[in-house]
Asks: 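Mind having a look at this structure? Questions to follow.
Order of appearance sets the numbers: ligands from 1, and atoms from 1 within every ligand. Computed from heavy atoms alone, side chains included, the values below leave out hydrogens, waters and symmetry copies.
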Amino acid sequence: MGDIIIVGAGVGGLTLGLALHQAGIPCRIFESVPEIKAVGVGINLLPHATKELAALGLEAELSKVAIQTTDATFFNRFGQLIYQEPLGRAAGYDHPQFSIHRADLQMALLEAFRTRAGADRLTTNCHCLGVTQDETGVAVSFSDGPGGANRFTMRGRAAIACDGIHSAIRKQFFPEEGEPRYSGVNMWRGVTRWKPILSGASMIRAGWLSHGKMVIYPIRAADSDGLQLINWVAEIETPNYRKRDWNRAGSLDDFIGPFADWHFDWLDVPALIRAADSVLEFPMVDQDPLPRWSFGRVTLLGDAAHPMVPRGSNGAGQSILDARALTVALAAHADPAAALASYEQQRLEATTRIVLTNRSNPPDAILREVFQRTNDRPFAAIDDVISRDELVALSEGYKRIAGYSKEALSKDASSKETLRAS
Ligand SMILES: Cc1cc2nc3c(=O)[nH]c(=O)nc-3n(C[C@H](O)[C@H](O)[C@H](O)COP(=O)(O)OP(=O)(O)OC[C@H]3O[C@@H](n4cnc5c(N)ncnc54)[C@H](O)[C@@H]3O)c2cc1C
């Protein structure tokens, strides 16, 4: 019957490989880079995604390397507390919110896939160039790395593009689309070894994009010196940006200005930034939602399908939810084209809403609201600016759209049974 060919061994591709393996559906993963290395910085996984990872038997493993995030805490740029709410298990969810180094997550998925499915089921140095198909299957063409001279073709039952925001297969189906769309916000990201901040498991958002916004959260437990690895992101509205490259080094002088006087009693922000191990620079980009992902036996998944601006902690999580939905569809339909169409039907509209809401009303809309109502000035009491009910409504509205309200998750059936192929 042939393998499902997965293009790309990022979070989406590896999770799909694990889910297909669990369902007894044979697959192979082909990844462009010669060696999967620890790249990137922090990622958050919300309870809808950690629920799926738990169903894959990975919760205990991930708990060893991730922080179980306990609260979301919002401040203005004067360091005044606007709003705080519990997250993950602390909020009563059955599953945690994890804040984790992307590399720790990818390595845990990689290790699990190699152990369970077999190391020979994942091949690196295979850069996808495109795909063709007929009634019997797909033929995916590769070179040995980007621009590599050696070309070869792999045949399979279906092909799933998990090759990220610059997906070769997405480009094949949508050649006119052009480069990712710049949001007007540039980001500088880094990690710093630092003593625990606030609860030691807080997801902190502060300031606003026009004058400089910071997102700060720990991604590894304290070391023997009592220092955690703290992930931080400085986000500033600017017309100036350079094409996204996950490894582009950033320069402190380009962004530290707006944060120079952020000396708060709960954190000295410029000191945290200056103490970083390294700084990376990425533009905040996404793409307009597509009208379709599935073309017969070929479909898109994760960032290849729905790249979104990282303002709702949902990029990695939605790729995990895609992987689960696609596995369920492939287990339910003997005809792969029918399975891929059913997966698209389940996931395209849901992720379109998130892509668009991340542009307009992500969780940090709380910061925008207070920024506008105070005219960017310190307040005497937050209740004079915005009521607790309004703050809760802003936060809960996003959870409903992104599919992780407590209500939605408790209604959802247990994942594991549905993954078994019939
Ligand atoms: C190197 C890197 C660093 C990142 N760092 C962060 C971060 O710090 N924080 C954050 O929130 N998000 C980060 N992301 C994005 C984040 O991982 C995704 O938004 C999210 O996890 C969805 O994952 P995905 O599997 O759809 O895409 P990705 O995680 O982007 O994975 C795509 C995979 O496909 C491979 N690939 C690309 N083109 C081809 C091709 N033509 N043929 C074969 N394989 C191909 C890539 O090498 C990669 O392994 C990073 C992505 C990458 C690739």
Asks: Just to confirm my output: which protein heavy-atom neighbour is closest to atom 8 (O) of ligand 1, and how far is it?
Replies: Val41 N, 2.7 Å
Asks: Give the atoms of ligand 1, by number and element, whose distance to some non-hydrogen atom of Cys162 is under 4.0 Å.
Replies: 32 (C), 33 (C), 34 (O)
Asks: Under a 4.0 angstrom heavy-atom cut-off, which atoms of ligand 1 come close to Gly164?
Replies: 27 (O), 30 (O), 32 (C)
Asks: Of the listed options (Ser167, Ser32, Pro146), which comes nearest to atom 44 (N) of ligand 1 when hydrogens are ignored and any heavy atom counts?
Replies: Ser32
Asks: From atom 17 (O) of ligand 1, work out which of Arg102, Lys37, Gln318 has a heavy atom at the shortest distance.
Replies: Arg102
Asks: Where is the nearest protein heavy atom to atom 26 (O) of ligand 1: which residue, which atom, and how far?
Replies: Asp303 N, 2.8 Å
Asks: Please tell me if the side chains of Ile236 and Asn186 come closer than 4.5 Å, counting only heavy atoms from C-beta onward.
Replies: no
Asks: Would you check whether Phe282 has a nitrogen or oxygen atom less than 3.5 angstrom from a nitrogen or oxygen atom of ligand 1?
Replies: no
Asks: Run down the list Asn44, Ile219, Ile43 and name the one with the heavy atom closest to atom 10 (C) of ligand 1.
Replies: Ile43
Asks: Should you measure from each heavy atom of Cys126, which atoms of ligand 1 turn up under 4.0 Å away?
Replies: 42 (N), 43 (C)
Asks: Any side-chain heavy atom of Met203 sitting closer than 4.5 Å to one from Asp71?
Replies: no
Asks: Closer than 4.0 Å to some heavy atom of Gly302 - which atoms of ligand 1 meet that?
Replies: 26 (O)
Asks: I'd like to know whether ligand 1 has Gly42 as a neighbour, heavy-atom separation below 4.0 Å.
Replies: yes
Asks: Would you mind checking which non-hydrogen protein atom is closest to atom 51 (C) of ligand 1, with the distance to 0.1 Å?
Replies: Trp246 CE2, 3.2 Å
Asks: Below 3.5 angstrom, do we get any N/O pair linking Gln106 and ligand 1?
Replies: no
Asks: Just jot down the ligand 1 atoms closer than 4.0 angstrom to any heavy atom of Gly8, in number order.
Replies: 34 (O), 35 (C), 44 (N)
Asks: Hey, which atoms in ligand 1 end up nearer than 4.0 Å to a heavy atom of Val7?
Replies: 42 (N), 43 (C)
Asks: Less than 4.0 Å between a side-chain N and a carboxylate O, is that true for Glu177 and Lys171?
Replies: no
Asks: Among all protein heavy atoms, pick out the one at the shortest distance from atom 42 (N) of ligand 1; state its residue, atom name and that distance to 0.1 Å.
Replies: Cys128 N, 2.8 Å
Asks: Do you see a donor-acceptor pair shorter than 3.5 Å between the side chains of Asn314 and Tyr404?
Replies: no
Asks: Mind checking whether Phe30 and Ile5 have side chains closer than 4.5 Å, heavy atoms only?
Replies: yes
Asks: Any carboxylate oxygen within less than 4.0 angstrom of a Lys/Arg side-chain nitrogen, looking at Lys213 and Glu235?
Replies: yes
Asks: Strictly below 4.0 Å, N to O, side chains only: are Lys51 and Asp94 in salt-bridge contact?
Replies: no
Asks: Any idea which protein heavy atom is nearest atom 37 (C) of ligand 1, and the distance to it?
Replies: Asp163 O, 3.2 Å
Asks: Which bit of Arg189 gets closer than 4.0 Å to ligand 1, counting heavy atoms only: side chain, backbone, both or neither?
Replies: side chain
Asks: Indicate yes or no: does an N/O atom of Ile165 lie under 3.5 Å from an N/O atom of ligand 1?
Replies: no
Asks: Check whether any N or O atom of Gly315, backbone or side chain, sits under 3.5 Å from an N or O atom of ligand 1, and answer yes or no.
Replies: no
Asks: Of all the non-hydrogen atoms in the protein, which one sits nearest to atom 31 (O) of ligand 1, and at what distance?
Replies: Gly10 CA, 3.4 Å
Asks: Do Ser202 and Thr73 have a side chain donor and acceptor closer than 3.5 Å?
Replies: no
Asks: Identify whether the distance between the nearest side-chain nitrogen and carboxylate oxygen of Lys399 and Glu85 falls below 4.0 Å.
Replies: yes
Asks: Between Thr15, Val7, Asp303, Leu16, which is the residue that forms a side chain to side chain contact (heavy atoms under 4.5 Å, CB included) with Cys162?
Replies: Leu16
Asks: Tell me, which protein residue and heavy-atom name are nearest atom 24 (P) of ligand 1, and how many Å apart are they?
Replies: Gly12 N, 3.9 Å
Asks: Would you tell me whether Asp322 and His306 have side-chain atoms, one donor and one acceptor, within less than 3.5 Å of each other?
Replies: yes
Asks: Taking 4.0 angstrom as the limit, do Asp144 and Arg151 come out as a salt bridge?
Replies: no
Asks: If you have a sec, work out which protein heavy atom is nearest atom 49 (O) of ligand 1 and how many Å separate them, to one decimal?
Replies: Glu31 OE1, 2.7 Å
Asks: Would Arg274 and Thr192 count as having a side-chain donor-acceptor pair, cut-off 3.5 Å?
Replies: no
Asks: Regarding Asp104 and Arg220, does a basic nitrogen lie under 4.0 Å from an acidic carboxylate oxygen?
Replies: yes
Asks: Output yes when the distance from some N or O of ligand 1 to some N or O of Ala168 is under 3.5 Å, and no in every other case.
Replies: no
